[in-house]
Amino acid sequence: MSYAAIGKKLGAGEMVILDGAIGTEILRRNVTWADHQLASRPEFVRGIHEDYIRAGADVISTNSFQLCRRALYNHFRDEAHRRQIGAADLDERADKLLAASVRLAIEARERAAGGRPVAVAAAITTLEWCFRPDLAPLPEQAKREYREIFQVVKDAGADLVLLETLNSISEARAALEVAKSLGLPCWTSFVCDERGRLFTGETMAEMVAALEPIGVDAILLNCAPPGDINAGLKELLAQAHVATGAYPHIGRFDPPEWMFTDEYPPARYLQVAASWKQMGARILGGCCGTTPDHIAALGDLRQ
Amino acid sequence: MHQPLETRLNSREPVLLDGAMGTELVRRGVRWRKHGLLTDADRVQQLHEEYLAAGAEVIRTNTFQLNPRIYLNVFRNRQHMRHIGAPGLEDLTPKLLRTSVRAARQARANAGKEQQAAIAGVLAPLEHCFRPDLAPEFEAARSEQLELARVFAEEKVDLLLGESLNTIAEARAVAEVARAVGLPVWISFVIGPEGELLSREPLAQAIREVEKLGAQAVLVNCAPPAEIGRALAKVKSATRLPYGGFAHIGRFSPPSWKFEFFPQFSETESWPPERYAAEAQRWQDEGATILGGCCGTTPAHIAALHAALGARREGAKSA
């Protein structure tokens, strides 16, 4: 299995349906997400991937949001402190769970796709918190860490990297360069504000100009409410030459969990997505708060 | 302060603290959201009751690292929090603090221990307890800790416990706000690999600073038992105040996605209750009088400690 079938669809201007949320879907099914549940309840995670495949997703994304060595290490003062009080497996834990997240998605495809081409996207976000561009590491450091992460997901069999909820051009560029140097197809997806700008204040035009020359395969927007995504998508569509897409969140961030609301039931969600297809977006799916029912509703977009 | 507690403290009789709240709630399957105070307040109260039944004379509110920053930090800014955050996040902290005190008070009433047991309102570092590099400066810490302390004062806790404090500046801020709201305060420092504050500031200096500001006891906590024992020797030579410690057991196992301090410790079975009690008795032998348990400890650990201290008291009487 590879990215080829998806790339071909995009090349022909056809719709590609992305899956919906996985983290918040775990919460909605009454399970904590503090440890991603990759080691403790793998069948449960795989089951959600299967539900998204059966709902019609062409691309499913791994349950690996914020899962990296840095996120674990950030809980300690430094290495000496980690060695003093930290769990023994912390050096290897992120890589192991990351590989497991890819394997579970691949298994779900084997069980549920029925021969339909479904690509597995390794979902990787910023190295620091997704809404805090002020915390982002410098590009050289970011590259070292992304290289380690991408090598793990490549070896585990991911078809592409979905860099999601990005908040700055500089970190996106660093990550994209690494993905390309490893030969991985790479979609970059950004969070945007009500003005349709990145969280750094950078514009879509600046971002597109920075990433297209490096060979980005698609540019998307995610993890903002539909209204903000709409504002960003207008700007993005006016600039981008590559395929574009969007997957908004619905409901409210209620840290450390999610508040589900009935503001966007699947039928209304489809209306919003249909308007974006009309505008020119070709990759549509769901971020936090969306469910397999929302993705199933997007099937109408193929007509 | 609570009168019986003050008497015991100043006559240097042993004072037994409770054990861990966060790690024990998580171990029992409570989902760690809003400290369990919205969804599982009954289980929070139940755990307080178990610590009281085990013999704890001071129970600590389930408010470790509960402050407005933990919510604000996961948004781009305050405006973003209002835009995509759940309604009420800005006013959530005082509500949760009040709920935590009420759970402790109800537990104490149910245990029939209004006279014997005191409730300590827990103030902790505003940023991650293990990240002294992120700690606020004194002025910011003071104004933010003051907001929390006021709620504890309104809810009439018996004392404040500044816990796992990792810089001198924030410890001073906690000691000052306690004085401002008229509550007695004990200050407890988190100990780093060097045997000083986690910030590497000298423990002896930190003790002098909070002593000047009126702290009534000093403690060390959230390090493994051996390190707590070594730190207590330093505390002993640095102060004439009553002092003590509460160690964590096992290893800190943070969540695989990031959201503030998450109370999860693994490998705690290497410290069964009797082993922990025996270790804490050695601290008592050296002069520490305030003893309890930090992350990983359970009501069984406090019961074992209570039994060990009780055997001492009986032995002392008959001797």
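Sequence lines set the chain letters: A, B, ... in the order given, protein chains first and strands last, and positions in each chain run from 1.
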Show the nearest heavy-atom pair for residues [X] and [Y], with the distance to one decimal.
| X | Y | answer |
| --- | --- | --- |
| A/Ala87 | B/Ser266 | CB-OG, 3.9 Å |
| A/Trp129 | B/Trp257 | CH2-CZ3, 3.2 Å |
| B/Pro255 | A/Ala34 | CB-O, 3.1 Å |
| B/Pro254 | A/Arg93 | O-NH1, 3.1 Å |
| B/Ser256 | A/Leu72 | CA-CD2, 3.9 Å |

Under 4.5 Å heavy-atom distance to chain B, tell me which part of [X] shows up: side chain, backbone, both or neither.
| X | answer |
| --- | --- |
| A/Leu98 | neither |
| A/Asp78 | side chain |
| A/Trp33 | both |
| A/Asp89 | neither |
| A/Leu67 | both |
| A/Val191 | neither |

Which one wins on heavy-atom pair count under 4.5 Å against chain A: [options]?
| options | value |
| --- | --- |
| B/Glu194, B/Glu260, B/Arg131 | B/Arg131 |
| B/His248, B/Glu267, B/Lys34 | B/Lys34 |
| B/Asn73, B/Leu134, B/Leu92, B/Asn166 | B/Asn73 |

Of the backbone (N, CA, C, O) and the side chain (C-beta and beyond), which part of [X] lies under 4.5 Å from a heavy atom of chain A, both, or neither?
| X | result |
| --- | --- |
| B/Ile249 | neither |
| B/His83 | both |
| B/Asn77 | neither |
| B/Pro132 | side chain |
| B/Ser253 | both |

Could you have a look at [options] and say which one has the most heavy-atom pairs with chain B under 4.5 angstrom?
| options | result |
| --- | --- |
| A/His81, A/Gln66, A/His249, A/Arg70 | A/His81 |
| A/Ala71, A/Ala94, A/Gly86, A/Cys130 | A/Gly86 |
| A/Asp35, A/Asn167, A/Ile85 | A/Ile85 |

At what distance, to the nearest 0.5 angstrom, does CE of B/Met81 lie from CZ of A/Arg252? 11.5 Å
A/His75 side, atom NE2; B/Gln264 side, atom CD - distance, nearest 0.5 Å: 10.0 Å
Give a yes or no answer on whether the side chain of B/Arg251 reaches the backbone of A/Gln84 with a donor-acceptor pair at less than 3.5 Å. yes
Side chain of A/Arg77, backbone of B/Leu198: donor and acceptor closer than 3.5 Å? yes
Quick note, salt bridge (charged side-chain N to carboxylate O under 4.0 Å, His left out) partners involving residues 66-81 of chain B, not counting sequence neighbours, are A/Asp193-B/Arg76, B/Arg69-B/Glu127, B/Arg69-B/Glu144, B/Arg78-B/Glu90
Assign the ring pair B/Phe130 / A/Phe76 to parallel, tilted or perpendicular, where the plane angle (0 to 90°) is split at 30° and 60°. parallel
Parallel, tilted or perpendicular: rings of B/Phe75 and A/Phe131 (30°, 60°): parallel
Ion pair check, A/Asp254 and B/Arg33, cut-off under 4.0 Å: no
Taking atom types as modelled, find out whether A/Asn74 and B/His128 have a side-chain donor-acceptor pair closer than 3.5 angstrom. no
If we only count heavy atoms from C-beta on, is the A/Arg83 to B/Pro193 side-chain gap below 4.5 Å? no
